[in-house]
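Shown next, in structure tokens, is the structure this report addresses.
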Amino acid sequence: MQYNRRKNPNSKGGISGVFLDTTILNMLDYHYETFLTVCKTLNYTRAAEALNMSQPAVSNHIAFLEQRMGTKLFYHKNKKVYLTNEGTFLFNKIQFMLNYSTKTLDELHSLDYTKINLGCTLSISDYIIPSFFVQMFHDQKEFRLDVMVENTQILLDYLAQGKIDAAFIEGDFNQDVFSSFPFAQSTIVGVCSPEFELADQEVKFEDLFDYQLITRELGSGTLSSLENILQKEQIDITSFKHQTKLGSIDLIKRVVEKNIGISFLFDVCVEEELARGSLKQLHFKEPFDPKNMNFVYLSDNPTTDFILKMKEKFQ
């Protein structure tokens with residue numbers, strides 16, 4: 001399998017494509033085990049304890065890799081260890097190959113079906129994608145499907161590391177790294193309780209700054225979409241004086257229904273509540289632009305070919 005790295009414009013160094021291809025063949029080298037452990041702990045002392053070796057030995061292993069690759073993999077700031085762009089790239093590629101090596105061994109013992117690991121964000125898994133899964137099971141019997149539900153950022157990390165084969169997301173992603181196509185659209189809407197004093201009125205963001213804003217957690221596509229909308233209005237989300245972050249869409253809706261605060265969610269997530277009147281919409285002079293929901297994958301993932309055959313089922 002060939003891996004070609006796209007140049008990161010923010011990177012000061014680089015890893016030779018030829019070198020990476022050759023080192024892949026020797027991935028069990030103990031230097032890489034040390035590298036992965038430091039990546040996961042971001043602490044040389046804890047990495048040494050986990051590997052049952054001295055801290056100088058850990059440092060020597062990392063120095064050996066950095067010298068061999070001609071680039072820094074870690075840097076120190078305020079007595080903390082951080083991955084460089086090159087270090088992050090190498091970590092993701094090693095994880096990708098290790099995860100797919102494990103998957104390949106599993107599939108050798110189950111050649112009668114294809115195993116697919118998919119990721120979905122909360123908004124998509126609960127309100128958009130279930131009909132696709134039903135159709136997929138009707139039309140294709142020779143596969144085993146595992147679905148993980150997480151926020152956009154976690155799914156993109158897992159995709160880069162090969163923990164999942166593809167993901168349905170509504171958040172932003174690096175189009176130089178991931179392949180994609182849109183499969184649906186949805187629009188962010190402001191929602192409030194019927195008892196909220198500005199319910200069903202035309203509002204500006206400035207009218208809402210003093211009220212409790214209830215959002216999804218950091219890393220979610222819903223929150224990043226709201227931040228993008230605010231940025232277009234030259235507004236920072238910190239302008240809202242009172243904020244609460246919740247990781248559950250249903251919980252957000254229940255809290256807003258009790259008039260504890262307001263929120264901004266994708267319209268598909270609040271259609272039923274708006275229809276029955278348990279939530280009311282906050283009306284702005286201009287509606288927000290619709291957002292693409294994307295199917296995101298790595299083009300060099302062999303499982304993707306199987307999934308793309310089902311493309312028409314969820315477009």
Does any N or O in the side chain of [X] come within less than 3.5 Å of the main-chain N or O of [Y], such that one atom is a donor and the other an acceptor?
X: N294; Y: V296; answer: no
X: N174; Y: D176; answer: yes
X: D207; Y: V203; answer: no
X: Q243; Y: I237; answer: yes

Side chains of [X] and [Y], heavy atoms from C-beta outward: is any pair under 4.5 Å?
X: K40; Y: R46; answer: no
X: L246; Y: I214; answer: yes
X: E170; Y: I128; answer: no
X: L155; Y: T121; answer: yes
X: D146; Y: I116; answer: no
X: L122; Y: R216; answer: yes
X: E202; Y: K285; answer: yes
X: C192; Y: L198; answer: no

Restricting to non-hydrogen atoms, name the atom on [X] and the atom on [Y] that form the minimum distance, rounded to 0.1 Å.
X: R254; Y: E273; result: NH2-OE2, 3.3 Å
X: A47; Y: V38; result: CB-CG2, 3.7 Å
X: C269; Y: K253; result: O-NZ, 2.7 Å
X: C39; Y: F74; result: SG-CZ, 3.9 Å
X: E257; Y: S278; result: OE2-OG, 2.9 Å
X: F264; Y: G190; result: CD2-CA, 3.5 Å

Between [atom1] on residue [X] and [atom2] on residue [Y], distance to nearest 0.5 Å:
X: S123; Y: I249; atom1: OG; atom2: CD1; result: 3.5 Å
X: L226; Y: I229; atom1: CG; atom2: CD1; result: 6.0 Å
X: E150; Y: I169; atom1: CD; atom2: CD1; result: 13.5 Å
X: I235; Y: E227; atom1: CD1; atom2: CD; result: 13.0 Å
X: T215; Y: K245; atom1: OG1; atom2: NZ; result: 4.5 Å
X: L90; Y: L36; atom1: CG; atom2: CG; result: 8.0 Å

Cluster check [X], [Y]: I/L/V/M/F/W/Y, side chain < 4.5 angstrom:
X: I252; Y: L218; result: yes
X: I262; Y: L251; result: yes
X: Y82; Y: L65; result: no
X: V270; Y: I260; result: yes
X: L42; Y: Y75; result: no

(request) Decide side-chain contact (heavy atoms from CB on, under 4.5 Å) for K241 and D210; before the verdict, give the C-alpha distance in whole Å, the side-chain angles of both, and the deciding distance to 0.1 Å. (result) CA-CA 6 Å; K241 298 177 183 177; D210 290 332; 3.0 Å; yes

(message) Before we go on, tell me: are the rings of F284 and F205 under 6.0 Å apart, centre to centre?
(response)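 Distance test on ring centres: under 6.0 Å, yes.
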
(request) Determine, step by step, whether Y158 and N117 satisfy the side-chain contact (heavy atoms from CB on, under 4.5 Å) criterion, reporting the C-alpha distance in whole Å, the side-chain angles of both residues, the deciding distance to 0.1 Å, and the verdict. (result) CA-CA 10 Å; Y158 285 174; N117 298 313; over 6 Å; no

(message) For K291, is there an ion pair with D172 - N to carboxylate O distance below 4.0 angstrom?
(response)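 Result for this pair is yes, salt bridge flagged.
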
(request) Decide, yes or no, whether a salt bridge links K232 with D289 under the criterion of side-chain N to carboxylate O below 4.0 Å. (result)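 A salt bridge links K232 with D289.
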
(request) Could you give me the CA-CA distance, side-chain angles and deciding distance for T84 and F89, then say whether side-chain contact (heavy atoms from CB on, under 4.5 Å) is met? (result) CA-CA 8 Å; T84 63; F89 168 80; over 6 Å; no

For [X], look at atom [atom1] and say whether over 12 heavy atoms of other residues, nucleotides or ligands are found less than 6.0 Å away.
X: E206; atom1: CD; result: yes
X: E272; atom1: CD; result: no
X: K204; atom1: NZ; result: no
X: Q67; atom1: CD; result: no
X: E217; atom1: CD; result: yes

(request) Could you check F295, Y297, F181, F173 and say which one makes a ring pair (Phe, Tyr, Trp, His ring centres under 6.0 Å) with F168? (result)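 Of all the options given, the one that passes is F295.
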
(message) One pair to check against side-chain contact (heavy atoms from CB on, under 4.5 Å): V189 and F288. What are the steps and the verdict?
(response) CA-CA 7 Å; V189 295; F288 306 135; 5.9 Å; no

(request) Mind telling me whether Y44 and H76 have parallel, tilted or perpendicular rings, with 30° and 60° as the class edges? (result)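 Tilted: the ring planes of H76 and Y44 meet at 30° to 60°.
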
(request) Describe, in one word, how the ring planes of F196 and Y211 are oriented to each other, choosing from parallel (under 30°), tilted (30 to 60°) and perpendicular (over 60°). (result)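 Aromatic pair F196/Y211 classed perpendicular.
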
(request) List the steps and the verdict of side-chain hydrogen bond (donor to acceptor under 3.5 Å, both in side chains) for D236 and T238. (result) CA-CA 5 Å; D236 193 280; T238 57; 2.6 Å; yes

